[in-house]
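The sequence lines fix the lettering, A, B, ..., with proteins before strands; numbering per chain opens at 1. Predicted model only: the values in this text are computed from it and were never measured. Note that these values count all heavy atoms, side chains included, but never hydrogens, waters or copies made by symmetry.
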Amino acid sequence: MRRPEQLPTRFDPTSFEGRWYEAWEASGAFTPELPSEKPPFVILIPPPNVTGKLHIGHALQFTLQDLVIRWRRMQGYNALWLPGTDHAGIATQVMVERELAKEGTNRRELGREKFLTRMWEWKAQYKDNISHQAKALGASCDWSRERFTLDEMLSGAVKHAFVSLYREDLIYRAHRLINWCPRCLTALSDLEVVHKEIDGGMWDFAYPLVDGGEVVVSTSRPETMLGDTAVAVHPEDERYRGLVGKLIRHPLLDRTFPVIADAILVDPKFGTGAVKVTPAHDPNDFATGDRHGLEKINILNEDGTINANGGPFAGQDRSAARKAVLAALAEKGLRRGEKTHRHAVGHCQRCDTVVEPYLSRQWFCSVKGMAGRALAAVRSGEVRLIPDFWVATYENWLENILDWCISRQLWWGHRIPAFYCPDGHTTVSEENVATCPQCGKPAEQDPDVLDTWFSSGLWPISTMGWPADTADMRAFYPTSLLITGFDILFFWVARMVMMSCHFTGKAPFAEVHLTGLVRDARGQKMSKTKGNVMDPLDLVHEYGADAVRFTLASLASPGRDLPLDVKRMEGYRAFGTKLWNAARFLQMHLTGEEPPLEKVATSGFALPEAWILTELERTTAAVNRAWERYRFDEGCRELYQFVWNDYCDWYVEMAKPVLQEGSENGRRAEDVRAVARGVLLQALKLLHPVMPFITEEISQHLGAPELLITAPYPAPGRLPEDPAVSALMAAFQAVVQETRSYRHLVGLPPGTPLQLCLLNLQPAWRQAFSGLAGELRRLAGLSALELDPAKVPDRAIRDLAGGVSVAIVLPEGAVGEAERARLAAELEQIRGELGKVSARLADESFVARAPEEVVAGSRQRAAELSHKAQLLAATLGREP
RNA sequence: AGGCGCGUAGCUCAGUUUGGUUAGAGCGCUACCUUGACACGGUAGAGGUCAGCGGUUCGAGUCCGCUCGCGCCUACCA
């Protein structure tokens, strides 16, 4: 074996991260075999939008996906993590439009073609940013399969899906009330409207009847009265019985409209019991209009200004028109009151403009049937949501789903494959249509594009080459796991299930892990305006990718948001340093001839070796279990504790007498070296999915025979695990800690040698402890270890540590009043506890009903407490 | 208006599914220590009526009911 190079004294992640990423990529480990005998494990990336840089939420998702894919790859799965990006229609278009606005121009001035050129330039820049950031985090994606939603292959899938759904009558075109953004000048789906609670107004005004008299209505949107075509009352409302059928004269416009009776729209107990009806600008009123054959008068232009139907108000912006209408009503003496009213107002998700219900001709997708299949997929367990409390939310949304408006009046996206001729024929086709097949006249393609989520919904299949029967589709579909944010459960996850099931009959993934939101240290949402955003790349530069990853994985408790505190990241960087230094220490003492762990004898070890192997076995099992349950926090905690508390604090300290001083004392130096190295190497393997860079670096420096990225992941059941060893070591640790504790409590200078006596040891332990005398001396700082009870001086402090009776001989006069008081307090506490335990044991129903082992445990506890009380009492010179 | 989640040490969180007697971690805090892996370190320590009330049980942080706070999602109440 070539003796590996020494690790540098200073731990500097930047010195090796880039090098290892290149090595992994060059090794081909990121690309799965095809064909392969191995079982597949596939993760599809939630494609980041090409709107900008990655944020910390992406870093979280990348970390978790990479953790799982590395773990599965090491376990021997044919692992594929398919990367890609999303064109993100409206979101990206808004970004570029902002840029154009700064240049004093806009997309209409530029024209469709030039604008799209700008869009592609933007995309190229941000796509590069995104893959660069992913690589900096260590993401082991298969870049040879990288996809973009507007790629030719994926666009083909989108066209095919659209045409198929159209032929199945699941896509249709209709003139309906949709959500309209007057800033983006496009229709939006219901999901793209963000409802915000706003303190608005509620205004009452009177409509004069043609025959005299009036009816008072309330509204939160006074300007819509310009489009009113009825006032509705409840048919059984006595107050208005005589009014039904009468005509109202519009006070600001030259037209009349009727009072109607409608039991569905009107709640007689609400407000005045009379409702103004604006069929073109309110969904309820729209339905009412249909029921009563009312005229639907659109009063808005696309940009939110009032159109010619608004008479004298035409040309005014809707907010100005609101004030003007109120003023005009006041002038005519028709205002009847005003109050503040808290209600939800819809805003455009991308530009925050108030959205209007707007009458418009759009394409819709009928999703009820697909929703039923998507519900079944989750209910049957074909798709598992993690955490499972999301199931209720998922079901609730799908059960109440309405048809989906899929056309957008944007330019950046998949153009709708529908072609129209002047005679009004519509041809829907995957191929471009130049002449109408029905009348032969020239046909033109629909200028609109599809909702970006339409293509996202196809991501699981379009990335694999569907509708073609491709090798990828056969090998990797359906996929195994999706890790994404809960905020796109409806937008994306549900739609992928619906569309993938519809087209393939199979759900697109077996499991969906929904992550929480990354927040700042105080739990605040990160936002540019608050100035508390953290750039993942900055964090990688400052703390190293491994620390960023370990922090995010540790915080990822299921279903909870992640409060990200840089203090925590500092702590995990320190963990990396600890690992680094432990490895450096080891390197100083290794010969380079150490056999691998599996070659070392597995029995006949002294306590330290037997114990650390037992702990390693326990940790190996726990970590595998944690990853299986996607308990990233638990796995990280296990690893942290094993490395720091078990390996560094205890094992390395106990190895020092052998490694540094050559005092073997029943332990063979070559065993110690092999175990110390082998255990660390296995810990590095276990840790590799979370901290790929440092583990690879150290592992290679310790002469590992292969790259960790493709090394087999340690499985439980291969190392000896001995409960007797654990118990003995626990006792050993307790004795050491008790001794140290006394020295501190009494205020002796550190390192003051003490004499320790161990009394009444069972024979096996007596032998073990005498074998460990050197380790005990060193760790507890003893001048002498005495195992003969007869030689214990009377003045020794007696106590029970981990089940072992100890007597600690402190220097003459060291035990002052303060210490006596502390011991007395402890004695009181023990007596109190003993009282409780005894009472429980005296309770017949407890003894009769509690399981045997619980009762036995209580008995043992009582015995221990009573023994401890005796020892303390003896120390204090009192009766127990 | 419905639905979901949360409330555990100064701070941020595990533990609650499957009840078991002594509730854990990290950070912060206190004291001591620059000892040949590591001060991004070591050793020892302080710190908790598990939001509140009631119930079930031999036994409740854990199960049930109610109350109070906080957060989020869905929704066409004029």
Side-chain angles (χ1 to χ4, degrees), chain A residues 7 9 11 177 190-191 195 202 217-221 224 232 265-267 270-278 282-287 341 343-344 346 357 387-390 392-393 395-397 400 402 486-487 489-490 516-517 519 521-523 525 543 547 554-555 557 559-565 567-568 570-589 631 633-634 637 640-641 648-649 652-653 656 660 737 740-745 747-751 781 833 836-837 840-841 843-851 853-855 857-858 861 865:
Chain A
L7 285 163
T9 311
F11 165 52
L177 216 46
D190 296 342
L191 279 179
H195 294 275
M202 177 70 81
V217 295
S218 307
T219 182
S220 56
R221 292 190 296 157
T224 61
L265 180 70
V266 184
D267 173 3
F270 191 94
T272 61
V275 185
K276 63 188 277 304
V277 184
T278 324
D282 180 278
N284 285 317
D285 295 5
F286 181 88
H341 176 60
H343 61 141
D388 60 7
F389 61 71
W390 286 111
T393 308
E395 289 184 340
N396 184 51
W397 188 72
N400 298 298
L402 299 174
F486 65 85
D487 52 323
L489 179 61
F490 305 145
L517 197 68
R519 296 170 176 274
R522 286 177 303 171
K525 215 166 168 171
Y543 299 98
S554 298
L555 291 171
S557 299
R560 287 192 69 131
D561 286 347
L562 296 79
L564 180 58
D565 189 342
K567 287 275 191 188
R568 187 118 179 200
E570 282 170 16
Y572 293 133
R573 180 181 52 189
F575 177 58
T577 310
K578 189 77 180 173
L579 208 52
W580 187 266
N581 285 315
R584 280 202 311 124
F585 172 74
L586 212 57
Q587 268 195 321
M588 294 174 192
H589 300 284
R631 285 304 306 260
D633 57 334
E634 275 179 19
R637 196 172 52 235
Y640 184 95
Q641 280 174 2
C648 292
D649 288 349
V652 170
E653 291 306 318
K656 279 178 181 174
Q660 294 181 324
Q737 286 172 330
R740 289 168 175 170
S741 182
Y742 270 106
R743 186 178 3 247
H744 272 277
L745 288 167
L748 291 173
E833 208 185 317
K836 277 199 274 183
V837 179
R840 196 179 308 125
L841 284 165
D843 181 348
E844 277 172 34
S845 53
F846 170 72
V847 179
R849 298 192 195 200
E853 60 273 19
V854 173
V855 177
S858 282
R861 177 74 187 149
L865 288 167

Novice: For B:C40, does OP1 or OP2 lie under 4.0 Å from any side-chain N or O of A:Arg573?
Specialist: no
Novice: From the list B:U12, B:C40, B:U22, which nucleotide is the closest neighbour of the side chain of A:Pro563?
Specialist: B:U12
Novice: To the nearest Å, how far apart are A:Asn581 CG and B:A39 P?
Specialist: 7 Å
Novice: Would you indicate which nucleotide in B:A14, B:A37, B:A44 comes nearest to any side-chain atom of A:Gln737?
Specialist: B:A44
Novice: In whole Å, what separates the P atom of B:A23 from that of B:C38?
Specialist: 37 Å
Novice: Check every strand shown and say whether A:Asp267 touches a base, only sugar-phosphate, or nothing at a heavy-atom separation below 4.0 Å.
Specialist: base
Novice: Quick one: look up who B:G61 pairs with, Watson-Crick or G-U, both distances under 3.5 Å, and put none if it's unpaired.
Specialist: none
Novice: Take atom P in B:A14 and the same atom in B:A9, then report the distance between them in whole Å.
Specialist: 12 Å
Novice: Are the side chain of A:Asn396 and the backbone of A:Ala392 linked by a donor-acceptor contact shorter than 3.5 Å?
Specialist: no
Novice: Rounding to the closest angstrom, what is the interatomic distance between B:A25 and B:G45 at atom P?
Specialist: 12 Å
Novice: Can you find a donor-acceptor pair, distance only, under 3.5 Å between A:Arg861 side chain and B:U22 base?
Specialist: yes
Novice: Which heavy atom in A:Leu265 sits nearest to a heavy atom in A:Val277, and how many Å separate them?
Specialist: CD2-CG2, 3.9 Å
Novice: Select one nucleotide: of B:G20, B:C40, B:A37, the one nearest the side-chain heavy atoms of A:Phe846.
Specialist: B:G20
Novice: Hey, is the side chain of A:Lys836 poking within less than 4.0 Å of OP1 or OP2 on B:G59, counting only N and O atoms?
Specialist: no
Novice: With both distances under 3.5 Å as the test, what is the Watson-Crick or G-U wobble partner of B:A23?
Specialist: none
Novice: Would you indicate, yes or no, if B:C73 has its OP1 or OP2 atom less than 4.0 angstrom from a side-chain nitrogen or oxygen of A:His195?
Specialist: no
Novice: Compare the minimum distances between each of B:G20, B:C73, B:U22 and the side chain of A:Pro851, then state the nucleotide with the smallest one.
Specialist: B:G20
Novice: To the side chain of A:Arg637, which of B:A37, B:C40, B:A14 is closest?
Specialist: B:A14
Novice: Using OP1 and OP2 only, check whether a side-chain N or O of A:Thr9 sits under 4.0 Å from B:A37.
Specialist: no
Novice: Looking only at atom C1', what distance separates B:A60 and B:C53, rounded to whole Å?
Specialist: 15 Å
Novice: Tell me if a side-chain donor or acceptor on A:Asp285 pairs with a main-chain N or O of A:Thr278 at a distance below 3.5 Å.
Specialist: yes
Novice: At under 4.0 Å between heavy atoms, what does A:Asp649 touch on the DNA or RNA strands: base, sugar-phosphate, or nothing?
Specialist: sugar-phosphate
Novice: Can you identify which nucleotide, out of B:A25, B:G41, B:A37, has its nearest atom closest to the A:Gln641 side chain?
Specialist: B:A25
Novice: Can you tell me, in whole Å, how much space there is between the P of B:U57 and that of B:G19?
Specialist: 16 Å
Novice: May I have the distance from A:Glu570 (atom CD) to B:C27 (atom P), rounded to whole angstrom?
Specialist: 10 Å
Novice: Can the ring centres of A:Tyr572 and A:Tyr640 be said to be less than 6.0 Å apart?
Specialist: yes
Novice: Check every atom of B:A78, B:G41, B:A37 against the side chain of A:Arg584 and return the nucleotide holding the closest atom.
Specialist: B:A37
Novice: Side chain of A:Arg560: nearest nucleotide among B:C38, B:C6, B:C40?
Specialist: B:C6
Novice: What does A:Phe490 touch in the nucleic acid at a heavy-atom separation under 4.0 angstrom: a base, only the sugar-phosphate, or nothing?
Specialist: sugar-phosphate
Novice: Could you measure between the two C1' atoms, the one in B:A46 and the one in B:C29, and give it in whole Å?
Specialist: 8 Å
Novice: Using a 4.0 Å heavy-atom cut-off across all strands, classify A:Leu265 as base, sugar-phosphate, or nothing.
Specialist: base
Novice: Looking at B:U56, which nucleotide sits across from it as a Watson-Crick or G-U wobble partner, both distances under 3.5 angstrom, or is there none?
Specialist: none
Novice: In whole Å, what separates the P atom of B:U49 from that of B:G61?
Specialist: 13 Å
Novice: Touch check for A:Glu653, heavy atoms < 4.0 angstrom, all strands: base, sugar-phosphate only, or nothing?
Specialist: base
Novice: What interatomic distance, in whole Å, is found between P of B:C63 and the corresponding atom of B:G15?
Specialist: 12 Å
Novice: Could you tell me whether the side chain of A:Arg743 and the main chain of A:Gly781 form a donor-acceptor pair under 3.5 Å?
Specialist: yes
Novice: Using a cut-off of less than 4.0 Å, is there contact between a side-chain N or O of A:Thr393 and OP1 or OP2 of B:C73?
Specialist: no
Novice: Taking donor-acceptor contacts at under 3.5 Å, does the side chain of A:Gln660 reach the base of B:A37?
Specialist: no
Novice: Could you check A:Pro749 against A:Phe575 and say which one's nearest nucleotide on RNA chain B is further toward the 5' end?
Specialist: A:Pro749
Novice: Hey, which sits more toward the 5' end of RNA chain B by its nearest nucleotide, A:Ala392 or A:Phe270?
Specialist: A:Ala392
Novice: From B:C27, B:A37, B:A78, pick the nucleotide closest to the side chain of A:Lys276?
Specialist: B:A78
Novice: Taking pairing as Watson-Crick or G-U wobble with both contacts under 3.5 Å, can you name the mate of B:A44, or confirm there isn't one?
Specialist: B:U30
Novice: Between A:Gln587 and A:Leu7, is there a donor-acceptor pair closer than 3.5 Å when you use the side chain of the first and the backbone of the second?
Specialist: yes
Novice: Look through every strand shown and name the nucleotide pairing with B:U74 as Watson-Crick or G-U wobble, where both distances are under 3.5 Å.
Specialist: B:A1
Novice: Could you let me know what B:C38 is paired to, Watson-Crick or G-U wobble, both distances under 3.5 Å, or none if it's on its own?
Specialist: none
Novice: From C-beta outward on A:Phe389, which listed nucleotide comes closest to its side chain: B:C40, B:A78, B:C4?
Specialist: B:C4
Novice: Counting only Watson-Crick or G-U wobble pairs whose two distances fall under 3.5 Å, which nucleotide matches B:G7?
Specialist: B:C68
Novice: Whole angstrom is fine here: how far is it from CZ in A:Arg519 over to C1' in B:U12?
Specialist: 13 Å
Novice: Does a side-chain N or O of A:Lys656 approach OP1 or OP2 of B:U35 to a distance below 4.0 Å, or not?
Specialist: no
